[in-house]
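What follows is a short report on a single structure.
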There are 2 protein chains.
Amino acid sequence: MGDTSRFAAAAEDDTRAAIMRATYDALTSHGYANLTIQRIGDEFEKSKSLLYHHYDGKDDLLVDFLRFMLEHWEAKAECREEQDPQARLKTLLDRVAAVELDEETAAFTAAMEELRGQAPHDAAYRERFTEHDHALREQFAEIIADGIEEGAFHEVDPTRAAEFLLTTVNGVRIQRVTRDDDGGVGAARAELQTYLDARLYRGEA
Amino acid sequence: MGDTSRFAAAAEDDTRAAIMRATYDALTSHGYANLTIQRIGDEFEKSKSLLYHHYDGKDDLLVDFLRFMLEHWEAKAECREEQDPQARLKTLLDRVAAVELDEETAAFTAAMEELRGQAPHDAAYRERFTEHDHALREQFAEIIADGIEEGAFHEVDPTRAAEFLLTTVNGVRIQRVTRDDDGGVGAARAELQTYLDARLYRGEA
DNA sequence: CATCGTTGAATGAATGTTCAATCAGCCAGC
DNA sequence: GCTGGCTGATTGAACATTCATTCAACGATG
């Protein structure tokens, strides 16, 4: 019985993962506005009817998909390395707002921003992205607080500085996927570095 | 004939404006993903069939709507006042990323960001928002260049600093309409002010 | 009468969803 | 060990509804 239920659970997880993958593919191919059950079914290896065996309907599926995407993103951003605060900040910034993006990451970012684009008129989405932003802000704030405690950073308000960093990151992300150029990531990041050097990082002396 | 065509043109403009208004109302009510000809027609005083007398179809209408929205936005952001660069920069920032928003402006911003959310998978939208961002960046860059010329600002790279400001503005805007809190506008703006004071504005001495 | 803005009804395609019918694997009883 | 039912995964066909779009007809206005 133990094995059976384990296998069953694993199979169900596989199916769910396949549905999430199909939804992701359909989203990146057709965009959120043209995301239909039909198109998700087309990307899905099994039949589209099966989607209704695993989910109550389109809304239910998309809610789960949003969670799936946010979990992926947060797993990606997580960093628990033991470095000095300055290096940790650089690592985190590179993960959430890298200057150069491979095609896969670019597509993922685009999908994420399309989802975020639904938040203005969908309270459930808005709630999720609020949490999501808060989590990232707290990561920034922790690093900054550590830096101050260690004496490596100037004594800024960690939350305020973190919110500013988050805003810049979100600006970089939206610009990158909604512009034909690179979204000015290089310039923005360089100027952000100047800000960090002047405002946050304490000199050697 | 002169009067006739003028009136006719004016009437046509009125109708077009009414269609744009109806589209705007439908968008803010239902979101871009659920924006249909039917719903635009519902908000429209005339019948939905009339939409096809003025536009080739839904796509054509939406393309015009995007232009309509961007024109509104750019008219709003325009500022040709004769002030010193520092005051002009503050004015511009207040217009494009105000800390406090009345309901109407908030709804407009939300609609704009929903449109921007289509850009990742729609090349026409992407092109428009690229131009749009460049225009705003140039406004920032001009002010900064003027400030440097007048000796009021430090000698930074105007384009680079402008791109950074633009990124922050876009970050503020997306956060504000996709979060349940105020998007951290206050904190971000305060920290941006600190950056400007330290990096851009020259002291009295 | 001719023109043009305007409309309601109608079209076929696409939408989300349901459902009866298979299929495969597992457990109970013989 | 075999059989027969039970459960859950899976499917194709069907459903009503909504979609974007078309069009013939109407009415006002010149």
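Residue numbers begin at 1 in each chain, while the letters A, B, ... track the order of the sequences. Values reported hereafter were calculated over all heavy atoms of this structure, with side chains retained and with hydrogens, waters and symmetry mates removed.
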Notebook entry, point to check: Hey, what do you get for CD1 (Ile148(B)) to CD (Glu155(B)), rounding to the nearest 0.5 Å?
Noted result: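 It is 6.5 Å, given to the nearest 0.5 Å.
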Note to self: To the closest 0.5 Å, what do you measure between CG (Leu136(B)) and CZ (Phe140(B))?
What the structure shows: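 Between Leu136(B) CG and Phe140(B) CZ, I get 5.0 Å after rounding to 0.5 Å.
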If you only use heavy atoms from C-beta on, which nucleotide in [options] is closest to the side chain of [X]?
X        : options                   : result
Tyr52(B) : dT11(D), dT15(C), dT21(D) : dT21(D)
Ser49(A) : dC23(D), dA13(D), dT15(C) : dA13(D)
Leu50(B) : dA9(D), dT6(C), dA13(D)   : dT6(C)
Lys46(A) : dT21(D), dT22(D), dT10(D) : dT10(D)
Arg39(A) : dG16(C), dT6(C), dT15(C)  : dT15(C)

Notebook entry, point to check: Would you say Thr36(B) reaches dC19(D)'s phosphate, i.e. side-chain N/O to OP1/OP2 under 4.0 Å?
Noted result: yes
Notebook entry, point to check: With respect to the phosphate group of dT10(D), does any side-chain polar atom (N or O) of His53(A) fall under 4.0 Å of OP1 or OP2?
Noted result: no
Check: Using 4.0 Å as the upper bound for N to carboxylate O, is an ion pair formed by Asp25(B) and Arg21(B)?
Finding: yes
Check: Under 3.5 Å, is there a donor-acceptor pair linking the side chains of Tyr195(B) and Glu191(A)?
Finding: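 On atom types as modelled, these side chains qualify, holding a pair under 3.5 Å.
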Specify the separation, in whole Å, of atom [atom1] of [X] and atom [atom2] of [N].
X        : N       : atom1 : atom2 : value
Gln38(A) : dC19(D) : CD    : C1'   : 14 Å
Tyr55(A) : dG16(C) : OH    : P     : 16 Å
His30(B) : dC19(D) : NE2   : C1'   : 15 Å
Ile37(A) : dC19(D) : CD1   : P     : 16 Å
Leu61(A) : dT17(C) : CG    : C1'   : 13 Å
Asp59(B) : dC19(D) : CG    : P     : 16 Å

Notebook entry, point to check: Would you say the side chain of Ser47(B) and the base of dG8(C) hold a donor-acceptor pair, judged only by whether the two atoms sit under 3.5 Å apart?
Noted result: no
Notebook entry, point to check: Val172(A) versus Arg189(A): any side-chain heavy-atom pair under 4.5 Å?
Noted result: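 No - every pair of side-chain heavy atoms lies 4.5 Å or more apart.
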Notebook entry, point to check: On DNA chain C, nearest-nucleotide positions of Phe44(B) versus Lys48(B): which is more 5'?
Noted result: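 Nearest-nucleotide comparison on DNA chain C picks Phe44(B).
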Next item on the list: Could you say whether Lys58(A) or Glu45(B) is positioned toward the 5' end of DNA chain C, judged by the nucleotide with the nearest heavy atom to each?
Entry: Glu45(B)
